[in-house]
Amino acid sequence: PELMETTTKEHLGWIDLLRVLACFLVVLSHCCDPFVAQFDADRSAFLTGMFTGSTVRCCVPLFVMMTGVLLLPVQTGMSAFYRKRIGRIALPLVFWSLALPALYCVYLNCGGTTSNPQVVMEDHTLRATLTKLYTFVFNFNYDTTPLWYLYMLVGLYLIMPILSVWLQQASRRDLKLALWLWGATLVLPYVGMAAPMLGYAGNYGNPGILGVCDWNPYGTFYYVSGFAGYLVLAYYLVKYPPAWSWRRTLALGIPMFAAGYAVTAFGYLAMQSRFPGNYAYLEIVWYFTGINVFLMTFPVFLVVRKLRLKPRRWLARLASLTFGIYLCHFIFVQIGYDLIGTIGSLPVLARIVLTACCAFAVSAALVFFCTPFELVVRQTLCIVCFAPLSYLAPIYTDRCHGDTALASFTNSVSIAVSLVIMLALGLEDKILMTADCSSVLPEYEEAFAELDRVKNHQDVGYFVKEYALSLEPDMVIGWYSLFNI
């Protein structure tokens, strides 16, 4: 335990770099998807998006391995670990499961249509969006695609205290054996694809192998497969780091990455020719737990770790933003595609990279703004990032074309943002009156409690708008119905 803790602190610099790198690669991969989804409609765009997207498939395994480095072995009791780790991601999961569909609805309905082939406009009506706001308890949807990782991460957190007990008493030989078993599971997707070619017809129509059938989804290697293997691998590599020179690291790492990339990219190309546009087959060669993606992940992890970067303040600060960037970037990827991805004069690769850089930067700025900073920093960020909303809100309302429900929804977002901005700027003394709010950020609770409330100025159960107007406010933001009595 002391060795693991010391190693983690000693190499904090490379962990920060790994976190930032993995996060940017996730953003880049999502910027490739709209081009990949064009398939044969635009062959050139498809090929560029597919070859670029195949390069970054190591992004998610790197995140998982970083989790293994930082959290294994677990040093607290099971309940304490669950409260801390799962509690830390539960609220962001709920918030962004609600926020992202809402943002997509507003953007796609008020900002016009999109040429993104992945987006089905019928799935972003107000009615469809309202459905997404409660069905997230079952699973993610297109708008919340990146959140699949949080569902999976909760599963890893659940098993980590149990896994940790074995890790602390396992010998090096035991760890190697476990990793070899896990390595065997990495080829199972391809065994499943090859089986029908050798005459295997499945059981009762179910194509599963090694015991998988209609009444049993858990095959032979189920319990030693999946992302948990990356946790164990990271633990092993930190506890028993390879004593390789740079020459040997690159001599092994470059061919490994190249082989993994070749299988990933040309395998996807082959699957597209055999199963055009069928993601159920196309994603097999993009599985994060496939042998080809492992071959790309392993050398990247070793190289970044071998850099042994010293802790740098700016890098640590950027690394601390990556969780927030991951959560919010998807909507900015969509906007970036509509603004940059459709510029025909730019090469497709340039559009992808530029969109990724912009989405990453905007997401980082948003997360940076939402974290506690001194007043002058918040003031600057408010002006730069959110001032345009005062101009955009009337435009969005006008484009609702008489849809009062959507217009009200849009302006609710504007009202909430306006209050947050004014509180963040320390301008609570300039707010004459506000409605009640059931959820206020902790850092703003004290300031919000000092504000005058609408409920304090009601007559026989309804709001007296004449009183509000008699205060001669410079601006009034609120529900239409509130001022229509």
Side-chain angles (χ1 to χ4, degrees), residues 17 19-38 42 45-46 48-57 59-60 63 96 99-100 102-108 110-119 124 142-147 149 314-315 317-371 377 380-392 395-396 413 417:
L17 177 61
R19 185 180 296 172
V20 173
L21 175 63
C23 186
F24 179 76
L25 293 183
V26 167
V27 177
L28 182 59
S29 71
H30 288 148
C31 292
C32 294
D33 291 342
F35 296 95
V36 175
Q38 296 183 33
D42 188 337
F46 161 72
T48 304
M50 184 273 299
F51 281 119
T52 306
S54 296
T55 308
V56 300
R57 296 309 291 174
C59 55
V60 169
F63 264 130
W96 288 105
L100 285 173
L103 291 171
Y104 262 92
C105 180
V106 171
Y107 172 72
L108 292 175
C110 301
T113 58
T114 177
S115 60
N116 187 342
Q118 294 182 300
V119 173
H124 296 88
Y142 173 77
D143 305 345
T144 60
T145 295
L147 301 189
Y149 182 81
W314 68 268
L315 184 59
R317 190 70 190 91
L318 183 58
S320 69
L321 304 177
T322 53
F323 182 55
I325 294 172
Y326 182 90
L327 293 173
C328 71
H329 77 274
F330 201 57
I331 182 64
F332 298 117
V333 169
Q334 172 63 50
I335 297 172
Y337 174 79
D338 291 335
L339 295 177
I340 302 172
T342 55
I343 302 177
S345 58
L346 285 178
V348 174
L349 181 59
R351 284 181 260 168
I352 292 173
V353 174
L354 183 58
T355 301
C357 291
C358 291
F360 187 89
V362 172
S363 300
L366 176 62
V367 178
F368 188 76
F369 163 73
C370 291
T371 52
V377 176
T380 303
L381 289 170
C382 277
I383 295 171
V384 172
C385 298
F386 292 102
L389 284 175
S390 61
Y391 174 75
L392 293 176
I395 297 176
Y396 283 162
V413 176
V417 170

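Across all their heavy atoms, Phe35 and Ala45 have their closest contact at CB-O, 3.6 Å. Across every non-hydrogen atom of Ala364 and Leu321, the tightest pair is O-CD1, 3.9 Å. The two residues Thr342 and Asp338 make their nearest non-hydrogen contact at OG1-O, 3.0 Å. The shortest heavy-atom contact between Cys59 and Leu25 is CB-CB, 3.6 Å. Residues Gly341 and Thr355 share a closest heavy-atom pair of N-OG1, 4.1 Å. Closest of all the heavy-atom pairs between Asn116 and Pro34 is OD1-CB, 3.5 Å.
Looking at heavy atoms from C-beta onward, Cys357 lies in side-chain contact with Val353 at the 4.5 angstrom threshold. Side-chain contact between Arg351 and Thr48 is absent, with no heavy atoms from C-beta onward closer than 4.5 Å. Counting only heavy atoms from C-beta outward, the side chains of Asp143 and Gln334 never approach each other to under 4.5 Å.
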Step by step, would you call Leu147 with Leu327 a side chain to side chain contact (heavy atoms under 4.5 Å, CB included)?
CA-CA 7 Å; Leu147 301 189; Leu327 293 173; 3.7 Å; yes
Apply side chain to side chain contact (heavy atoms under 4.5 Å, CB included) to Ser115 and Tyr337, showing your working.
CA-CA 9 Å; Ser115 60; Tyr337 174 79; 3.6 Å; yes
Could you go step by step and tell me if Cys328 and Trp96 meet the side chain to side chain contact (heavy atoms under 4.5 Å, CB included) rule?
CA-CA 7 Å; Cys328 71; Trp96 288 105; 3.4 Å; yes
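At least one donor-acceptor pair under 3.5 Å links the side chain of Ser320 to the backbone N or O of Arg317. Counting only distance, with no hydrogens or angles, the side chain of His30 and the backbone of Val27 share no donor-acceptor pair below 3.5 Å. Judged by distance alone, with hydrogens and angles left aside, the side-chain atoms of Thr322 form a donor-acceptor pair with the main-chain N or O of Ala319 at under 3.5 Å.
With rounding to the nearest 0.5 angstrom, the CG atom of Leu103 is 7.5 Å from the CZ atom of Phe332. In this structure, the separation between CZ on Arg57 and SG on Cys32 is 9.5 Å, given to the nearest 0.5 Å. The CZ atom of Phe24 lies 15.5 Å from the OH atom of Tyr326; values are rounded to the nearest 0.5 Å. Distance check, rounded to the nearest 0.5 Å: OH of Tyr107 to OG1 of Thr114 gives 6.0 Å. In this structure, Arg19 CZ and Leu21 CG are separated by 12.5 Å, a value rounded to the nearest 0.5 Å.
In summary, of the residues considered (Val333, Thr55, Ile352), a side chain to side chain contact (heavy atoms under 4.5 Å, CB included) with Leu28 occurs for Ile352 alone.
Ring-centre distance between Phe330 and Tyr142: below the 6.0 Å cut-off.
In this pair, Tyr149 and Phe63 present their aromatic rings tilted. The plane angle is within the 30 to 60° band.
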